Amino acid sequence: MLIIFQELTKNFEQSLLASLIKNDKKEEFEDLRKNLITQSSKEEFGDYQCNICLVLSKIYKKNPRDIASDFIKKLNKNKRILDLCKDLEIAGPGFINIKLKDEILIKEIKLNIKCPRAGVPLSSNNVKDRLPDKVVVDFSSPNIAKEMHVGHLRSTIIGDSISRIFELRGYQVLRINHIGDWGTQFGMLITQLKDLYANNLKEIDQIKISDLVEFYKSSKKRFDNESEFQERSREEVVKLQSGNTESTAAWNLLCNQSRKEFDEIYKSLNIKIKERGESFYNPFLKSVIEELDYKNLLVEDQGAKCVFLDGMTNKEGKPLPLIIQKKDGGFNYATTDLAAIKYRFNKAPDGDDASRIIYVTDHGQSNHFAGVFQVAKKANWIPENCQVDHVPFGLVQGIDGKKLKTREGDTIRLKDLLFEAVRRAKEDLLERLKNENRYETEKFILNTSRVIGIGAVKYADLSQNRITNYQFSFDKMLSLNGNTAPYLLYTLVRISGINRKNDLIDESKHSISLNYEHECEWRLIRKLLKFDEVIISIEKDLMPNRLCNYLFELCQTYNRFYDQVPILKEEKYKKISRLKLCDLTEKTLKLSLELLGIETLERM
RNA sequence: GCGCCUGUAGCUCAGUGGAUUAGAGCACCUGACUACGGAUCAGGGUGUCGGGAGUUCGAAUCUCUCCAGGCGCGCCA
């Protein structure tokens, strides 16, 4: 309904401008046109509302209801408004309620039935003869030689969903896995590797990732306790950075081992992402320093090269530096992140030519990104009309409200967590089959529990406002009622059930007239037509939980419709009208779940 | 100490400056199956929106301040 909303806004703006000119207040227009029309705060008020008359009453020093009445008179002379609106009504102190005509809503429904994106428009930059804008989404980002844990789960799921939403809108999306494949920790890892495998680098092909995690711990322990080991580790970093063949081979082995494990997780989560780790930016680090120095932003402090940040202080109240080059000459993550910003905004072939970069990391890195973005702005590395966003998210907590850990106090491995979700989903399913005396094949059982288990984990995470900490509970996410993945999936199963039993031949090719009278039908129609506005709001604010809220409301609205309105038993034309609503609900649901990265089922 | 974030019903949370009544879900109680999958639907009631002040015609929402909690704070990422 976005197009109608825009058209209404345009026509209201014309009337507003005319009114302002008449009252000699034209200069207020730019301010007042913002949010001129909004969605109704409550369903019973209509489709949209306009609150401008209360603001005008202060400017004109007149009664707001009188202003509203004049405003409506003017609008009623506008042919387009008359075409779209059933009536314009003054309410309360001077609000204008806008109710759209039934035939306009039906027309929109018909358009959405035909539209593969269920009414979501392509972004305005999507024009012929030009590539659409490119958005870089930087998410997931596990570290080499460490196993993925729940912390990576949120980044991965949220980043994937944001990527899918931009893809639907027609942007070019570059999903980047900025994995931790470089840095000082490799000194100790490679040194340990060499100690244990006595320079025979071929043997370590046999190492499995769980060994590698132990291996990380043991080398960290040695690094912390043995000064001789520490010294050799530092030398190893230098060797690696200078491209020593043996060190590079060891590094590659470590990376490949980890990569296998990551890919397994991404496969089970159905995540597509391009690996481009920190090491990718190594050739560009030097020029970051040089350019900052050239622009007089670089300050040497205690041997390190820094840029001091505005508005941020350290424990002593002194300005906080962003360290770009350590006193030993090494680079750190700020350097890499700056090089990455430069590269991503640069034109091809030496860059990605992005127009927006989105970072999905935990909230703990907010300060870091604020610093990096500030320096990038100072250095003029963020081009005009381009945008960087940090999308922070809170901790994953256990049911006790503390950071999620195993009973032994260890970090929970993502692999184990996903396995457990699927295992519980299967247990529930088997129990249900038994109670209902149903028989299903092993293949059905495996697939259904996989879709429900993984879907539940994803949905539980995405349906929360990402800013707040999130309480992880298998029982809640797998619950069959409430705002959960199983409830949504069940709604789809009900629609599939109708389609299976429907013996009416599809006559959609003929132009049929749709007719609605029941309150539940109109509620469903209005809910279906809000889909595009939800997607647009997520594109702006990067809050996938709004899609989940919408989906849950859509399912509730559909289930009421399903409960109170017979479909298959009706006479032909009513039946067709109602089946069309089922079709569009199904399409919107499937598309939305796809945007959340959740698979769907016909039966469950 | 400083910075960022959070504080809304018993619990978990939505809430995009606007309408006498601030919304969901869970949990609890009562109804509705000769049905298109009842994994559903209908009804039932809770709130000093952490406290205080300010801006405004109007504040859960914006500003300030205080309180509580989380995270971060110089060469790890």
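All values reported here derive from a predicted model rather than from experimental measurement. Residue numbering restarts at 1 for every chain, and letters A, B, ... go by the order of the sequence lines.
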(request) Classify every nucleotide of nucleotides 15-34 of chain B by which part a protein heavy atom approaches to under 4.0 Å, writing B for the base, S for the sugar-phosphate alone and - for neither, in 5'-to-3' order. (result) S--BB---SSSS--------
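Phosphate contact (OP1/OP2 of rA35(B), side-chain N/O of Lys501(A), threshold under 4.0 Å): absent. Remark: Arg494(A) is in phosphate contact with rG38(B), judged by side-chain N or O atoms under 4.0 Å from OP1 or OP2.
Taking the six-membered ring where the residue is Trp, Phe12(A) and Phe71(A) present tilted rings, their angle falling between 30° and 60°. Between Phe186(A) and Trp251(A), the ring planes are perpendicular. Angles over 60° get that label, and only those under 30° would be called parallel.
The side-chain contact (heavy atoms from CB on, under 4.5 Å) check on Glu553(A) picks up Lys527(A), with sequence neighbours excluded. Every residue meeting the side-chain contact (heavy atoms from CB on, under 4.5 Å) condition with Ser41(A), not counting sequence neighbours, appears here in chain and number order: Phe45(A), Gln49(A). Among residues two or more places apart in sequence or in another chain, the salt bridge (charged side-chain N to carboxylate O under 4.0 Å, His left out) test is passed with Glu300(A) by none. Not counting sequence neighbours, the partners of Asn435(A) by the side-chain contact (heavy atoms from CB on, under 4.5 Å) test are Glu431(A). With sequence neighbours left out, the salt bridge (charged side-chain N to carboxylate O under 4.0 Å, His left out) criterion links Arg494(A) to no other residue. With sequence neighbours excluded, the residues forming a side-chain contact (heavy atoms from CB on, under 4.5 Å) with Lys575(A) are Asn502(A), Asp503(A), Leu504(A), Leu568(A), Glu570(A), Leu579(A), listed by chain and number. Under the salt bridge (charged side-chain N to carboxylate O under 4.0 Å, His left out) criterion, Arg450(A) pairs with Glu599(A), sequence neighbours left out.
Of the C1' atoms belonging to rU30(B) and rG18(B), the separation is 37 Å, rounded to the nearest Å. Annotation: rU48(B) and rG7(B) have their C1' atoms spaced 14 Å apart (nearest Å). rA60(B) sits 14 Å from rU6(B) when the C1' atoms are compared, rounded to a whole Å. The same atom, P, is picked in rG43(B) and in rC26(B); the two are 14 Å apart, to the nearest Å. One P atom belongs to rU63(B), the other to rA59(B), and the distance between them is 15 Å to the nearest Å. Across the C1' atoms, rC73(B) and rC64(B) are found 25 Å apart, a figure rounded to whole Å. Using atom C1' as the reference point in both rC11(B) and rG51(B), the two lie 23 Å apart (nearest Å). On the P atoms, rC71(B) is 16 Å away from rC13(B), given to the nearest whole Å.
Put simply, the side chain of Arg466(A) does not reach to within 4.5 Å of the side chain of Val360(A), judged on heavy atoms.
Between Glu553(A) atom CD and rC41(B) atom P there is a gap of 14 Å when expressed in whole angstrom units. Following rounding to the nearest Å, Tyr550(A) (OH) and rA14(B) (C1') show an atom-to-atom distance of 17 Å. In this entry the distance linking CD1 of Ile59(A) with C1' of rU56(B) reads 13 Å, nearest Å. Going from atom CG of Leu480(A) over to atom P of rU40(B) covers 7 Å, rounded to whole Å. Between the CZ atom of Arg466(A) and the P atom of rA14(B) there is a distance of 12 Å, given to the nearest Å. We find that CG of Leu309(A) is positioned 13 Å from P of rC4(B), with the value rounded to whole Å. Distance CG (Leu554(A)) to P (rA14(B)): 20 Å, rounded to an integer number of Å. Rounded to whole Å, the distance from OH on Tyr470(A) to P on rC11(B) is 20 Å.
Pro566(A) comes within 4.0 angstrom of a base, heavy atoms only. Within 4.0 Å (heavy atoms only), Ile467(A) reaches sugar-phosphate atoms of the nucleic acid but no base atom. Gln564(A) comes within 4.0 angstrom of sugar-phosphate atoms only, judged by non-hydrogen atoms across all strands, and of no base.
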Tabulate protein N/O versus nucleotide N/O from nucleotides 69-77 of chain B, keeping only pairs under 3.5 Å, one per line.
from    : atom 1 : to        : atom 2 : distance (Å)
rG74(B) : N7     : Asn314(A) : ND2    : 3.4
rG74(B) : N1     : Asp301(A) : OD2    : 2.5
rG74(B) : N2     : Asp301(A) : O      : 3.2
rG74(B) : N2     : Asp301(A) : OD2    : 3.1
rC75(B) : O2     : Lys327(A) : N      : 3.0
rC75(B) : N4     : Gln302(A) : O      : 3.0
rC76(B) : OP2    : Lys326(A) : NZ     : 3.2
rA77(B) : OP2    : Tyr333(A) : N      : 3.2
rA77(B) : O3'    : Glu278(A) : OE1    : 3.3
rA77(B) : O3'    : Glu278(A) : OE2    : 2.2
rA77(B) : N7     : Tyr333(A) : OH     : 3.2
rA77(B) : N6     : Tyr333(A) : OH     : 2.4

Between the protein and nucleotides 62-67 of chain B, list the N/O to N/O atom pairs that are separated by less than 3.5 angstrom.
none

(request) With side-chain contact (heavy atoms from CB on, under 4.5 Å) as the test, would you mind laying out the steps for Asn282(A) and Leu285(A) before giving the verdict? (result) CA-CA 5 Å; Asn282(A) 287 345; Leu285(A) 297 177; 3.7 Å; yes
(request) Show the numbers, then the answer: is there a side-chain contact (heavy atoms from CB on, under 4.5 Å) between Phe393(A) and His363(A)? (result) CA-CA 5 Å; Phe393(A) 54 84; His363(A) 171 249; over 6 Å; no
(message) Assess the residue pair Asp461(A) and Leu153(A) against the criterion (side-chain contact (heavy atoms from CB on, under 4.5 Å)); give the C-alpha distance rounded to whole Å, side-chain angles, the decisive distance to 0.1 Å, and a yes or no.
(response) CA-CA 9 Å; Asp461(A) 197 323; Leu153(A) 181 68; 4.3 Å; yes
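Listed by first residue number, the stems of RNA chain B with at least three Watson-Crick or G-U pairs below 3.5 Å are B:1-7 with B:67-73, B:10-13 with B:23-26, B:28-32 with B:40-44, B:50-54 with B:62-66.
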N/O donor-acceptor pairs under 3.5 Å from side chains in residues 61-68 of chain A, not counting sequence neighbours:
from     : atom 1 : to       : atom 2 : distance (Å)
Asn63(A) : OD1    : Arg65(A) : N      : 2.7
Arg65(A) : NH1    : Gly92(A) : O      : 2.5

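The aromatic ring centroids of Phe472(A) and Phe474(A) lie less than 6.0 Å from each other.
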